[in-house]
Amino acid sequence: MNVIVFGGTTGIGRAIARRMAERGDRVFLLGLDDGELPRCAADLRARAGASTEGSDDYATCDLLDPSGFEAALDAAWSDLGKVDAVVVTAALFGTQDALEADIDLATRLVTANFANTVVFCERVRKRLLAAGGGTLCVFSSVAGDRGRKPVAIYGATKAGLSHYLESLDHKFRDQGLVTVCVKPGFVKTGMTAGLKPPPFAAEPERVAALAVDAIDRGKPLVYATGIWRWVMLVIRHLPRFVMRRIGF
Amino acid sequence: MTRTQTSEPELPLLTGWGRTGVPGREVVGESLARVTEGAVLTRGLARSYGDSSLPPPGEDTVVSSVRADRILAFDPDAGVMRAEAGFSIAEFNRLFLARGYFMPVTPGTQFVTLGGMVASDVHGKNHHVAGTFGRHVRALKMRVADGRIIECDREREPELFRATIGGMGLTGHILEVEFAVRKIPSPWIYQESFRVSDIDAYIDGLRESADEWPMTMGWIDCLSRGGKLGRGILMRGRWATPEEAPAEPPRPKRALTMPAIFPSWTINDLTVALFNFLYFWKHLPARKQGIAHPESFFYPLDAIRHWNRMYGARGFTQYQCVLPHESGRGAARRFLEVLTERGGASFLCVIKDCGAEGEGILSFPKPGISIAIDFAIRDSTPDLVATLNEFVIAEGGRVYLTKDTFTTPEHFAAMEPRLPEFMEIRRRWDPETRIRSAQSVRLLGDPIHLSEDE
């Protein structure tokens, strides 16, 4: 299939792009203008068995700059011709302490993770529907499943995003747009570097495998890894007085 | 992206493959250029046995390269690849073996990174024909101690290049490696193996095989004594021709995982003797030959993940030395006699002939016989290593820093006449000795703390 990966230069997005390139999918990368795009694209070409030379399989796209979304998607569409799937792993992260201390950071994070991600998805939705359908796979988080002390702000952006993605799937699946919402738990990537890995911390390759499988099968919701489905089931049902006392 | 460091009052143990270590942590990052800034040391997959990938006393953080693992360029016709230092042989094999490429040199595990291979200047079963990995390295990108990022090779900064090959990561942080890969006729191995009755016959067999076989190695039973001293199994191999090879490429092998339950008395003279007896007689026909899976041939121990747990909580060490040809035909026998006299029980005694010395200033191999033995660590282990080192010094040999845990600085200096040259180049690139490891403090006299203005 032909796939666009927004955020494919790092972490889970990198692992998804590699997995898909290695099995023969055509991958177009969207990411920040930090010099990593051409190097990541060369890596994917080598993994796909293609020549590592080239420059037409990536474009810059910044989640904090929605005015560039359309041009980035144009570049991807014109390279791939037909787009079967769009994966969005790009997002910002900040610990609750950092977000509480820095209102500018909180503004950027809320804007990028919720408003701008929805705007990006809306543009993709229109394009995919116009072309007869496709898959939109977006990374939300288990942090959005319940209001919790350590993820009050980050989790709220993901809660809103999960909500949007679920509605999208209800509304457009019969028109051919399959929406996949991936909710990873703690994943050992650059985003979480410096944090102490909790139980069930996963490697990005494992999360990528689950996400690609969900794309292949059109699963609307996938916890990565699967244990989080049951952990969050319990946490969602904990009474408020318990949530107020505990620290997670 | 913003992150805050959470304070961790108790650091986990950071270990080498021998499972001895110090409290510490790895900083993992996809951009090595970013995370190596100001760092004291970079490590890869931590397969060096001793303290060479551990932080020096007074420091608790090393950079891990394992997430910096992109292939940056590959020319399939010229057979040249450039990749980030955290790219591993396991990943290379997964992607390129079936396409007809192999690493020019591979050590006995595929869980090593390019950066680690350069720092250790690794050798393999083909050392007598292919030399060390350093011979196939064409260029390095490094972050040196003053913070600059520079490219070095045999023309540009050749001294830094030579000091970095086999330099145990002490000359700077290796960021990228450009190296020649090998085109192979098929992804399968044609292998022969046979039992040999004693150490002298074994070494003769190695030498005779060297002319016609690009890959040779073997295992000997170093507990058997007297006439049977050093009986063993000699293996030799080459890449199978397309006609000999099965039509399908080899499937990656599934590995078993060693459970973390072994008490430290698991490895004793009796169990080692039993293992050696069974291993020898498992090879029931005097000679076997046929097509072998490349993973079984190159990486037999990778079949059991975490096999290093077998040695229990105190961990283990590997002693690997090379005894030069000048020391004469009986040197390996004399080594084994010293070892068996001291009761150094070992499961694994791997003997291999080495070819020419590499260009890396501290590169380990030189023409002669390499012997590698594993011991569970006991109170007596430092004495045993000292005894073996005295023998090796007298024979004109040296030890492999990648395996070393217990050598003293005096012994190392005595076996390494190239050390002053290495230290001089290092001083030029790192006058304040910012880049250090636990091993360099132990062996090379590096300062524990940096000067006050740090």
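Chain naming here is simple, since letters A, B, ... match the order of the sequence lines and numbering starts at 1 in each.
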message = Taking A:Arg45 first and then A:Asp57, would you say they form a salt bridge - that is, a charged N and a carboxylate O separated by under 4.0 Å?
response = yes
* Asked: Looking at the rings of B:Phe298 and B:Trp188, which for Trp means the six-membered one, are their centres under 6.0 Å apart?
  -> no
Applying a strict 4.5 Å limit to non-hydrogen atoms, the region of A:Thr189 in contact with chain B is neither
| Residue pair B:Thr106 / B:Tyr299, side-chain donor-acceptor N/O under 3.5 Å | yes
Discussion item. For the aromatic rings, using the six-membered ring if either is Trp, is the centroid distance between B:Phe92 and B:Phe102 under 6.0 Å?
Written reply: no
Open item on the list: Can a side-chain donor-acceptor contact be found between A:Asp97 and A:Thr95 if the only test is distance below 3.5 angstrom?
Closed with: no
Under 4.5 Å to a heavy atom of chain A? For B:Leu72 that would be both
Modelled atom types, side-chain donor and acceptor of A:Asn116 and A:Thr111, under 3.5 Å: no
The interface call for B:Glu176 against chain A, heavy-atom contacts under 4.5 Å, is side chain
### Query
Are B:Thr42 and B:His173 close enough that a side-chain donor and a side-chain acceptor fall under 3.5 Å?
yes
Filtered by a 4.5 Å non-hydrogen cutoff, the part of residues 75-91 of chain B contacting chain A is B:Glu84, B:Phe87, B:Glu91
Check: Can the ring centres of A:Phe6 and A:Phe120 be said to be less than 6.0 Å apart?
Finding: yes
**Prompt:** Do A:Asp145 and A:Trp228 pass the side chain to side chain contact (heavy atoms under 4.5 Å, CB included) test, and can you show the C-alpha distance, the side-chain angles, and the key distance before you say yes or no?
**Reply:** CA-CA 10 Å; A:Asp145 272 18; A:Trp228 289 102; over 6 Å; no
Filtered by a 4.5 Å non-hydrogen cutoff, the part of residues 23-42 of chain A contacting chain B is A:Glu36, A:Arg39, A:Cys40, A:Ala42
Whatever's closer than 4.5 Å to a heavy atom in chain B on A:Ala48 counts as backbone
Whether B:Arg67 and A:Glu205 form a salt bridge (side-chain N of Lys/Arg under 4.0 Å from carboxylate O of Asp/Glu) is what I want to check.
yes
Okay, B:Arg99 and chain A: the region with an atom under 4.5 Å from a heavy atom over there is side chain
message: Between the side chains of B:Asp153 and B:Lys141, is the shortest nitrogen-to-carboxylate-oxygen separation below 4.0 Å, so that they form an ion pair?
response: no
Problem set entry | Pairing of A:Arg108 and A:Asp104 as salt bridge, 4.0 angstrom limit | no
